[in-house]
Amino acid sequence: MQTKVTTALLTALNGAKQKGQLKTPAWPTLSLDAPKRPEWGDLASTVAMSMASSEQKSPQDIAQIIVDNLPERDQLFDRVEIVRPGFLNFTVKPALWQEVLREIDSQGLRYGHADVGSGRRVLVEYVSANPTGPLHVGHGRGAAVGQALVRLLQAIGYDAVSEYYINDAGRQMKLLGVSVYARYQELSGKTVTFPEDGYHGAYIAAVAHRIKEQLDRVAGELNSDALETRCRTLAYQELLGLIRDDLKSFGIEFHSWFSEASLLESKAVDQALDELKSRDLLLQQEGAWWFRSSMYGDEKDRVVKKQDGEYTYLASDIAYHHDKLRRGYDLLIDVWGADHHGYIPRMQAVVQAYGYPKDRLYVVLVQLVKLLRDGVEVKMSKRTGEFITMREVIDEVGADAAKFYFLMRDSKTHLEFDLELAKRQSADNPVYYVQYAHARICSLWRVASARGIARPSIAETDLTVLTDPDELGLIKKLAAYPEVLQTSALAFEPHRMTYYLQQLAAMLHTFYNKHRILPPAGDHEVSETATEVLTPNRVAARLVLMGAVQQVIRNGLDVLGISAPEQM
RNA sequence: GCGCCCGUAGCUCAGUCGGAUAGAGCAUCAGCCUUCUAAGCUGAGGGUCGCUGGUUCGAUUCCAGCCGGGCGCACCA
């Protein structure tokens, strides 16, 4: 609908220009918003006001010129008004709104999809937690956001895929081995002093217990170093497996998993650094090698190879991004915890160092989740290993509710997540509120079929009976869906979709409460307050409308990776 | 100290490529089930959009400076 009216506006502007009524060389971007008040029409434009200075005419005059040049004015609009400073308010003909329902019906799950991406390839990297322990709530939010981004981008025509980068090399892995080995020794009855900087979580002992048998078998033949290495390998596999399982129960699967260790083994790190060296972007100083990120706006240069000859974490990260860039993606998205924001300039420096524009990489920051239970904060401490895991949250509130909560707010702001609220099955809980709207419509089909009312075929339904403001209001909301989807995807902000769904669900519930969709069952007297006449036509048209609402809720939830239950 | 993010109703937050009387949910109060799921709906109260300046016909939105909160400033990951 927006596009239809925008096109008309543009035609009007160009027409006026040809006649010499307007002279602005380039039109400002034509934005059309649904105005806040119904008396301001369905769509409003501010072009006339923004052109006032370049035209040296009053906004009202410009608006009048535009109106005079509007093509097919009577076919498109019931009313076109010019209001006070220079707003152009359009009231679109109901017939055009009614057409939206046919569009939804014919496109089904694809309604709202677009091709603004035109197949451009995007790689979204998210979660990427160290395989040194279970995923915690923060990872859960990152997972929900990452998955939603992939699906949103796919929906508007991008070829988007997901990847998990496994930090299976370096110090953290070493510590994992040491920690598990210590617990293993304890299990075998030895007293050991647990490494100070090791992983203290109870899950480490659990892992040690689980792999004990395998270790016992080789314990006699291996010295302690080799045993420790074995601990590391087994624990790593065990923990990565847990992470995969957790993600799976959260309904998340990755297109690919990428191992940091593989970069070191294949010498990809050396190669990536050599390439920088050949471009004079690597510098040896004080016995260490520095990446000259300050050449590209970072505040200072960064060490990639330490005095002791070890690579830093950044070295693998450089190689990893080098690899991603060379795989030919048009855009790389990294979803990071907000505490890593200081890392962005150096990664963008990496991108530029390899000759790519810096916006080839976009980092989506995800802020911390503050867990509450009945309004009281649930304290977490990573140091002592006492933190709430993602699995605990999923097990307690369910994957759908958890995802919805994670996606409810702008990811770069702190999120309060009340476990009790997320579990509650009432209107307080936005997840169920939205899902319930969907289930309610499904229930309508069940009741209709029980009463022998067939689901109407849209081709044979007269939609012109849908003239009630509530009916048209719902349709207008449905018509806004494609725009919401697109904005949400292009801004990398899934919460816009969550918000929209809550609004749509609210309208559905209001409508449902106020109007009847099916005629009352035969044995009920029609109450006096039912002033509406429910002709078979109207019933059919309303059912079509309900079908459309159901479809859009389903599409919206789907793009967020949340299920749309038929029954609750 | 420098950098990034945040500051909107009692609480949690939307909105802001500059627009017309600033929105939702929760909480509070008052109502609505013999009907298609009350996991729902209706109504009421509640605001100097952190502060001060600037740009503009117009600023919650843009700019500058302050104030408050979070995070980051390693040859850690």
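Sequence lines set the chain letters: A, B, ... in the order given, protein chains first and strands last, and positions in each chain run from 1.
Comparing A/A506 and A/E260, the nucleotide of RNA chain B nearest to each residue sits closer to the 5' end for A/A506. Of the two residues near RNA chain B, A/Y436 and A/N130, the one whose nearest nucleotide lies more 5' is A/Y436.
Within the nucleic acid shown, A/T413 comes within 4.0 Å of sugar-phosphate atoms alone, with no base atom in reach, counting heavy atoms only. Contacts of A/Q502 with the nucleic acid, taken as non-hydrogen atoms under 4.0 Å apart, are absent. Within the nucleic acid shown, A/Q172 comes within 4.0 Å of sugar-phosphate atoms alone, with no base atom in reach, counting heavy atoms only. Residue-level contact check: A/A439 touches the bases, meaning some heavy atom is under 4.0 Å from a base atom.
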Contact state string [nucleotides 68-74 of chain B, B base, S sugar-phosphate only, - no protein heavy atom under 4.0 Å]: --SBSSS
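Out of B/A39, B/C36, B/C6, the shortest distance to the side chain of A/M568 is found at B/A39. Set against B/A14, B/U12, B/U42, the side chain of A/H495 has B/A14 as its closest nucleotide. Of the listed nucleotides (B/C36, B/U37, B/C75), B/C75 has the atom at the smallest distance from the side chain of A/A288. For A/N513, counting side-chain heavy atoms from C-beta on, the closest listed nucleotide (B/C75, B/U37, B/C41) is B/C41. Considering only side-chain atoms of A/S443, the nucleotide from B/C36, B/A77, B/U37 that sits closest is B/U37. Nearest to the side chain of A/T510, among B/C75, B/C41, B/U37, sits B/C41. Each of B/G15, B/C41, B/A14 was ranked by its minimum atom distance to the side chain of A/Y433; first place goes to B/C41.
A/D418 places a side-chain N or O within 3.5 Å of a backbone atom of A/G375 that can act as its donor or acceptor partner. Between the side chain of A/D42 and the main chain of A/V92, a donor-acceptor pair closer than 3.5 Å is present.
Applying the 90° cutoff around 0 to the glycosidic angle, B/C29 is assigned anti.
Checked against the 6.0 Å centroid threshold, A/F258 and A/Y164 do not count as a close aromatic pair.
A/Q551 pairs by the side chain to side chain donor-acceptor pair (under 3.5 Å) definition with nothing, not counting sequence neighbours.
Applying the 4.0 Å criterion to OP1 and OP2 of B/U37, one finds that A/Y512 has a side-chain N or O inside that range. Not one side-chain nitrogen or oxygen of A/R542 sits closer than 4.0 Å to the OP1 or OP2 atom of B/C36.
Paired runs in RNA chain B that reach 3 or more consecutive Watson-Crick or G-U pairs, where each pair keeps both distances under 3.5 Å, cover B:1-7 with B:67-73, B:10-13 with B:23-26, B:28-32 with B:40-44, B:50-54 with B:62-66.
B/C11 atom C1' lies 15 Å from atom CG of A/D374, rounded to whole Å.
Between the CG atom of A/L421 and the CG atom of A/L372 there is a distance of 9.5 Å, given to the nearest 0.5 Å.
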Could you go through nucleotides 18-22 of chain B and list every protein N or O atom that sits under 3.5 Å from one of its N or O atoms, giving the distance for each pair?
from	atom 1	to	atom 2	distance (Å)
B/A20	OP2	A/K36	NZ	2.4
B/A20	O2'	A/R84	NH2	3.0
B/A20	N6	A/N89	OD1	3.2
B/A20	N1	A/N89	OD1	3.3
B/A20	N1	A/N89	ND2	3.0
B/U21	O2	A/R37	NH1	2.9
B/U21	N3	A/R37	NE	3.4
B/U21	N3	A/R37	NH1	2.8
B/U21	N3	A/R37	NH2	2.7
B/U21	O4	A/R37	NE	3.3
B/U21	O4	A/R37	NH2	3.0

Sequence neighbours excluded and cut-off under 3.5 Å, please list the side-chain donor-acceptor pairs for residues 334-351 of chain A, or say none.
from	atom 1	to	atom 2	distance (Å)
A/D334	OD1	A/K324	NZ	3.0
A/D334	OD2	A/H321	NE2	2.6
A/H341	ND1	A/A338	O	2.9

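Contacts with RNA chain B (heavy atom under 4.0 Å) in residues 308-322 of chain A: A/T312, A/Y313, listed by number.
Using a 4.0 Å cut-off between charged nitrogen and carboxylate oxygen, A/E471 and A/R538 count as a salt-bridge pair.
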